[in-house]
Structures are given as C-alpha cells and as structure tokens.
Amino acid sequence: MWRRVTSLSPVISTSKSTSFDQAASGFKIWRSSFSTETPTMVKDATTSFKERNPFITFVLGGPGSGKGTQCQKIVETFGFKHLSAGELLRREIESNSENWSQMLNTIKEGRIVPSEVTVRLIQQEMESSDNNKFLIDGFPRTEENRIAFEQLIGLEPNVVLFFDCSEEEMVKRVLNRNQGRVDDNIDTVKKRLKVFEILNLPVIDYYSKRGKLRKIDAVGTEDEIFEKVRPIFSACGMMSHYFAF
Ligand SMILES: Nc1ncnc2c1ncn2[C@@H]1O[C@H](COP(=O)(O)OP(=O)(O)O)[C@@H](O)[C@H]1O
Ligand SMILES: O=c1ccn([C@@H]2O[C@H](COP(=O)(O)OP(=O)(O)O)[C@@H](O)[C@H]2O)c(=O)[nH]1
Ligand SMILES: [Mg+2]
C-alpha cells in the first residue's frame with residue numbers, strides 16, 4: 001500500500017497584501033522583474049553576488065512530484081532563471097568532469113552528491129546569470145546541503161515551494177517519464193523516496209517553521225497545479241517581500 005510521505009500541517013500560503021503601485025514607487029528596480037521579460041542586471045565584477053540582492057526560490061518535492069514541469073511554467077510566466085540541481089549534476093557527469101563516475105554511481109543509487117559539488121555548480125550558474133530571480137529546483141536535498149548553501153553563498157531563499165504528492169502518483173510519473181535517466185527505475189525510485197523522506201522532509205520542516213514554505217497539493221493537471229503556484233509569484237506577493245526589509 002502506498003502512502004503519502006508527509007504529514008506536515010498546512011503551511012502559510014497568504015502573503016501580506018500590499019498595493020502594487022505603492023510597492024513600485026519605493027522599489028522601482030523590481031517593477032520590471034514582474035514582467036515576463038528577463039530583467040537586465042548590469043554586470044559588475046566588483047559587485048558581489050549577495051549585493052545583487054537576488055530573489056531565490058527553492059523548489060522541493062519528491063521525485064516525480066512535478067518540480068521541473070512547474071518551474072518551466074514559472075519561467076514562462078514570471079521570467080525566472082531555472083536551475084535544476086539534478087540537471088547541473090547530469091551535465092557535469094556528461095562533461096567527464098573530475099569525479100564523474102562517483103557522481104554517476106551516487107545518482108544511480110539515489111543518494112546525494114556532496115554539497116560542495118552541487119553548491120559550486122549552482123553558484124557558478126547564479127553568478128554568471130544576468131537574471132536576478134532564481135528557481136533552484138531539487139535543492140537543498142538535505143540539512144547539510146541547506147547549511148552549505150547558506151554558508152557558501154551567504155543567502156537564504158526568499159520562498160520555498162513544496163510540491164506535495166502521494167508516493168503512488170510520484171512512482172507512476174517517474175516510471176512514465178521516458179527521459180532515459182539512469183535513476184528512473186523502480187529500484188532507484190524506491191531508494192529516492194526513502195532518501196526524500198529521511199533527508200529532505202527535515203529541510204521542508206525547517207522552512208515551514210521559518211515561515212518560508214508554500215505547500216502545494218501536486219495532484220491534478222499541470223495547469224491546475226500552476227493556478228495554485230501563480231498567486232505566490234504575483235506582483236503583490238513578491239513585492240511584499242521587499243517591504244519586509
Ligand atoms: N500534474 C501532473 N500530472 C501528471 N503528470 C505530470 C504532472 N506534472 C508533471 N508530470 C509528468 O511527470 C513526470 C515528472 O515530472 P517532473 O516535472 O520531471 O518532476 P520532478 O522534477 O519533480 O521529478 C514528467 O514526465 C512530467 O511530464
Ligand atoms: O542537490 C541535489 C540534486 C540532485 N541530486 C542527485 O540527482 C538525482 C536527480 O535529481 P533531480 O532533481 O533531477 O530528480 P527529480 O526529483 O527531478 O526526479 C537525485 O536523486 C540525487 O541523486 C543530488 O545529489 N543533489
Ligand atoms: Mg526534476
């Protein structure tokens with residue numbers, strides 16, 4: 001019998017209501033960020049990444065919960081830069097980088113690649129991007145990942161999405177994914193679900209307690225789910241974040 005992997009209580013989904021105009025007057029630079037166009041940031045080698053005050057979203061959920069699918073829609077609608085940690089690692093393996101075979105084995109077994117590798121890849125992508133709004137998909141997977149990111153990048157996410165899906169549905173989706181991935185088979189999926197439950201749920205719980213989590217019921221059509229995601233990124237919702245400072 002399959003079961004739902006989380007019993008987290010419903011978490012906040014409301015954002016402080018703030019008028020868009022009021023917000024835009026004080027924070028003009030961010031107004032363009034809410035269009036579907038990619039905002040242009042002036043690159044300055046002397047400006048540290050942290051000083052750019054990026055908007056960082058972590059996108060979490062078990063394997064097959066629809067993280068990548070919804071990220072694509074968020075990119076199309078809100079102009080974020082999408083960074084899939086798993087995709088960055090797969091690219092690194094394909095480029096025969098140092099330790100590629102250990103990384104491949106780790107992924108085949110559904111285990112987690114050392115934090116310093118993943119954080120370095122994410123950091124490179126963020127620093128070289130002209131975009132200042134990031135969706136970091138499938139990371140952090142462990143408390144150790146989370147702490148490494150905070151220490152090395154010096155930033156916390158502004159918001160954390162959690163796609164909550166039953167194990168039965170996740171397994172069905174992963175086995176039908178058909179992307180030729182070495183880890184999309186029943187044995188590895190079972191291990192990934194276990195790793196998700198043991199290592200990722202504590203991260204989700206941490207952000208829930210910090211008031212940053214937006215939990216989304218991930219069962220339904222892709223469009224139905226996106227309608228639950230959309231308000232989180234609507235202009236007022238994001239602007240209110242900048243009012244908090
Ligand atoms: N709401 C949905 N209903 C049915 N299938 C979905 C839904 N969202 C995504 N999928 C499909 O499920 C598979 C896993 O989705 P994906 O976005 O890759 O998940 P994740 O990145 O969380 O592993 C893909 O084949 C995708 O097309
Ligand atoms: O921060 C990360 C992200 C991914 N992975 C590895 O890469 C695999 C695939 O991750 P991805 O996010 O692509 O899988 P998804 O959840 O989207 O199916 C995971 O099972 C892990 O083995 C990892 O070690 N660290
Ligand atoms: Mg994915």
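Residues take their numbers from the sequence shown, with the count starting at 1. When a ligand or atom number is given, it counts from 1 through the structure's own listing order. None of the values given here were measured: they were computed from a predicted structure.
Residue Arg177 has at least one N or O atom closer than 3.5 Å to an N or O atom of ligand 2. Looking at Arg141 next to ligand 2, an N or O pair under 3.5 Å apart turns up. For the pair Arg111 and ligand 2, the shortest N or O to N or O distance falls below 3.5 Å.
Taking CE from Met126 and CZ from Phe134, the interatomic distance works out to 6.0 Å, rounded to the nearest 0.5 Å.
Ring geometry for Phe55 against Phe80 counts as perpendicular: the plane angle is over 60°, on a 0 to 90° scale with 30° as the lower cut.
Under a 4.0 Å N-O distance rule, the pair Glu227/Arg230 qualifies as a salt bridge.
For Arg146 and Tyr206, the positive end sits near the middle of the six-membered ring, less than 6.0 Å away and at most 45° from its axis.
Nearest protein heavy-atom contact of atom 20 (O) of ligand 2 is Arg192 NE, 3.6 Å. The nearest protein atom to atom 23 (C) of ligand 2, hydrogens excluded, is given as Leu89 CD1, 3.4 Å; this is a heavy-atom distance.
Contacts of ligand 1 (protein heavy-atom distance under 4.0 Å) are Gly62, Pro63, Gly64, Ser65, Gly66, Lys67, Gly68, Thr69, Arg173, Arg177, Gly220, Thr221, Glu222, Ile225.
Each of Lys190, Arg192, Arg111 was checked for a salt bridge (charged side-chain N to carboxylate O under 4.0 Å, His left out) with Asp183, and the lone residue meeting it is Arg192.
Between the side chains of Asp205 and Ser208, no donor N or O sits under 3.5 Å from an acceptor N or O. No side-chain N or O of Thr69 forms a donor-acceptor pair with one of Glu222 less than 3.5 Å apart.
A pairwise comparison of heavy atoms in Lys191 and Glu109 identifies CD-O, 3.4 Å as the closest pair.
Contacts with ligand 2 closer than 4.0 Å are made by side-chain heavy atoms of Arg90 only, the backbone lying farther away.
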